[in-house]
Amino acid sequence: MSSIYDTLNDMQKEAVFHTEGPLLILAGAGSGKTRVLTHRVAYLIEEKGVQPWNIMAITFTNKAAGEMKERVQNLVGFGSDQIWVSTFHSSCVRILRRYIDRLGYENHFTIYDTDDQKSLMKDVFKRLNVDTKVYKERNILAQISKAKNDFISPEQYAIDNQGDFSKKKVIECYKLYQEQLKNNNALDFDDLLVKTVELFENNKDVLEYYRERFKYIMVDEYQDTNTVQFKFISMLAKEHRNLCVVGDDDQSIYKFRGANIKNILNFESVFTDAHVIKLEQNYRSTQNILNAANEMIKNNTERKSKTLWTDRGDGEKITFKMVDFAQQEAEYVAESIKKYVENGKTFKECACLYRTNAQSRLLEEALMRKNIPYKIVGGINFYQRKEIKDILAYLKTVNNGVDDLAVRRIINVPKRGIGAASIDKIQEYADSRGISFYDAARDEKCLEYIGRSSAKVKSFVDLIQVLRTKNEFINVRELIDEITDVTGYVRELEAENTDESKERIANIEELLTKAVDYQLKAEKPSLNGFLEEVALVADIDSLDPESDYVVLMTVHSSKGLEFPNVYLCGMEDGLFPSYMSISSDDPLDIEEERRLCYVAITRAMDNLHISCAKQRMVRGEIQYGKMSRFLKEIPLELLDTGMKKAEPTEKRRVTRPTQASSARQIINSKAFEPRQFKVTKLTGLEYGEGDRVKHIKFGEGTVVSVAEGGRDFEVTVNFDKVGVKKMFASFAKLKKI
DNA sequence: CTCCTTTGTCTTTTT
DNA sequence: GACAAAGGAG
């Protein structure tokens with residue numbers, strides 16, 4: 001009898017069937033870990049009788065969560081919406097919305113992004129008379145973030161760094177920063193985790209509740225978890241101990257954000273009875289690409305040994321191109337993509353990866369010149385744009401009157417003649433009374449105190465009050481319309497009539513679309529819910545698999561993705577690896593860069609192009625770069641430098657650590673041609689489009705479409721009773737009737 | 001109070 | 001080279 005689990009290899013099966021107790025899955029790049037996770041969820045529900053709501057799966061991005069949800073849905077069908085599949089951050093928000101009042105916050109708290117944090121810190125600096133020549137907001141925030149990621153409170157931080165004079169200011173700032181956050185009823189990203197763990201520590205009943213609820217916990221990208229995140233999941237898993245973590249120590253690339261690689265390296269010593277499974281078979285890339293990745297990553301000392309192999313065959317060599325100027329590199333990439341597509345391929349198969357966001361500009365220009373559709377991920381996020389932040393600040397003000405940051409942002413946007421002097425006076429009044437900025441602005445006595453421009457402040461307050469009243473009756477989209485209309489925000493932009501202002505209007509319109517989307521999607525739409533969703537999206541979440549465009553992004557953003565045709569640009573010493581890591585006295589910094597490079601290489605399925613430029617502009621200065629040291633770690637036989645000097649005999653000397661016989665390679669390489677794939681597979685199904693079929697759970701229905709996906713068929717069926725469902729053919733066990 | 005010019009800083013990566 | 005902060009003129 002066949003089942004969905006037949007399509008898994010032995011190691012994957014072992015991981016899926018091992019359901020009880022701690023489990024560490026070391027999953028190399030492209031080894032099908034998402035398949036393992038989704039099948040494991042299916043197995044728990046279908047075979048072990050676990051209730052869907054007893055399962056929690058944590059991913060890193062919303063995109064990964066969404067994909068996982070969908071794939072689980074296809075496998076399980078029933079009750080899958082009861083499983084918690086979400087990111088660390090949104091899980092925490094969900095918990096905090098319910099219980100944060102126990103920590104003295106209000107449940108409709110706002111979430112501060114990096115820009116908000118900076119503004120708040122600026123304010124803290126002002127209050128503490130911090131010399132901005134000596135201290136930088138970013139730097140202090142980084143230190144605070146580090147403390148938070150290690151779950152160190154301001155009080156503890158003060159004790160730990162008592163004698164350290166250089167930390168004196170940081171201690172003060174951390175304390176006041178945290179107080180201000182609370183006054184504004186706001187949490188920053190790190191707080192979401194910290195406050196949840198705090199909540200668990202101080203409220204045993206809450207912890208008990210979630211422990212009972214999440215009997216089975218799975219964590220994806222485990223190598224990138226930090227100490228608080230580890231605390232969060234280990235607290236939850238303590239009772240039932242069914243904690244399954246999936247990760248790859250070679251892909252740990254978020255140390256700068258507090259990720260603790262020890263979480264994965266020491267998993268077995270913390271959970272002494274942990275079962276460990278290695279997934280080393282790669283289903284994504286050609287052997288040439290894997291060899292390059294393997295050879296390079298070997299140079300790292302801190303890792304669990306692991307060698308990826310595939311039975312896909314050697315494939316194409318990796319092309320390497322060195323040019324004189326960075327512009328030529330971009331030109332070369334664009335030209336190569338153009339040729340690639342002319343050969344019957346698509347744009348969306350291509351991705352350009354780079355170390356820093358700044359590199360995107362040249363590529364963008366080159367692609368534009370050649371009329372190649374593209375999308376840039378990262379850089380300036382949609383929600384970081386001025387006009388969007390302004391509108392959101394209005395929404396926040398309407399939603400949460402104590403978010404001083406939001407109120408101060410918009411009190412004079414668009415210009416109302418309320419200047420810095422008036423704002424300072426209101427703030428002064430608010431501080432002396434211990435009330436919020438907005439409440440001060442509403443106060444009659446405060447208006448008297450301001451003097452001249454008090455009428456303008458009054459009309460601003462009236463405006464907000466009207467919006468608040470209206471908010472009771474209208475939805476988010478209508479509220480945004482109301483705001484842009486009544487403030488004249490859009491009208492002002494229209495009058496400007498420049499390219500820039502037109503783009504801003506378009507962005508506001510896009511925000512409206514997003515509000516409508518939210519309205520339709522959310523179970524219980526609310527202003528608060530909208531703001532929350534908006535705060536937690538990452539740029540990568542917006543990647544649309546349907547649209548045909550080249551994707552441009554940093555290597556960091558590319559983690560977890562795969563593309564048939566990958567361009568790795570700017571492979572120069574000082575850029576990749578970064579100058580910071582080269583000049584660092586910690587040799588482990590360069591290892592992190594090497595892992596990053598490993599991630600980059602392993603994104604490629606069929607073709608990998610590496611390029612570098614001898615000269616490029618960085619920060620308005622010309623930099624002369626040498627070829628990246630990482631490139632020299634790739635065996636020369638794997639590279640095609642385009643100089644035709646490689647003799648054919650060299651081909652056979654390619655290191656091949658696997659047993660894959662050449663006969664098998666030929667068979668397999670053929671199997672990857674789409675046409676053949678279709679023919680062999682289609683004959684295996686007894687039903688097709690339009691046929692009536694029967695499903696064990698869903699009853700009878702009509703087949704809408706059959707699509708090939710991975711190693712299986714994805715069948716879409718419109719069931720008479722439950723509607724349209726997507727599922728895998730081998731699992732659905734549909735019977736033709 | 002606002003607009004314009006000058007000055008300084010930043011660049012590694014982001015939920 | 002871009003962008004924000006600061007300073008100066010109207």
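Throughout, protein chains are lettered first and strands after them, A, B, ... in sequence-line order, and every chain is numbered starting at 1.
Within the structure, a side-chain polar atom (N or O) of A/Arg138 is placed less than 4.0 Å from OP1 or OP2 of B/dT11. OP1 or OP2 of B/dT14 lies within a sub-4.0 Å distance of a side-chain N or O belonging to A/Asn357. The side chain of A/Ser557 places an N or O atom within less than 4.0 Å of a non-bridging phosphate oxygen (OP1 or OP2) of B/dT14. Considering only side-chain N and O atoms, A/Ser578 lies nowhere under 4.0 angstrom from the phosphate OP1 or OP2 of B/dT13.
Both tests pass for A/Lys559 against the ring of A/Phe60: distance under 6.0 Å to the centre and angle within 45° of the axis. Seen from the ring of A/Tyr624, A/Lys614 does not count as a face-on cation partner, given the 6.0 Å and 45° thresholds.
Among the atoms of the strands shown, base atoms are found under 4.0 Å from some heavy atom of A/Glu593. Using a 4.0 Å heavy-atom distance criterion, A/Ser422 is classed as a sugar-phosphate-only contact. Contact annotation for A/Asn412: backbone-only contact, meaning every heavy-atom pair under 4.0 Å involves sugar-phosphate atoms and none involves a base. Note on A/Phe88: nothing from the nucleic acid sits closer than 4.0 angstrom, heavy atoms only. Within the 4.0 angstrom heavy-atom criterion, no nucleotide atom of any strand lies near A/Ser581.
The distance from atom CZ of A/Arg361 to atom C1' of C/dA2 is 9 Å, rounded to the nearest whole Å.
Here the side chain of A/Thr61 is nearest to one of B/dT14, B/dT15, B/dC10, namely B/dT15. Side-chain proximity of A/Arg619 to B/dC10, B/dT14, B/dT15: nearest is B/dC10. Residue A/Arg257 places its side chain closer to B/dT15 than to any other of B/dC1, B/dT15, B/dT12. Side-chain proximity of A/Thr87 to the nucleotides C/dA4, B/dT15, C/dG1 is greatest for B/dT15.
Residue A/Lys118 qualifies as open at atom NZ: its count of foreign heavy atoms under 6.0 Å is 12 or below. The environment of OH in A/Tyr579 is sparse: at most 12 heavy-atom neighbours from other residues, nucleotides or ligands sit within 6.0 Å. A 6.0 Å sphere centred on NZ of A/Lys458 holds no more than 12 heavy atoms belonging to other residues, nucleotides or ligands.
Evaluation of A/Phe256 against the base of B/dT13 yields a stacking contact (centre distance < 5.5 Å, interplanar angle < 30°).
Residue order along DNA chain C, read from the 5' end via each residue's closest nucleotide, puts A/Glu621 first among A/Lys122 and A/Glu621.
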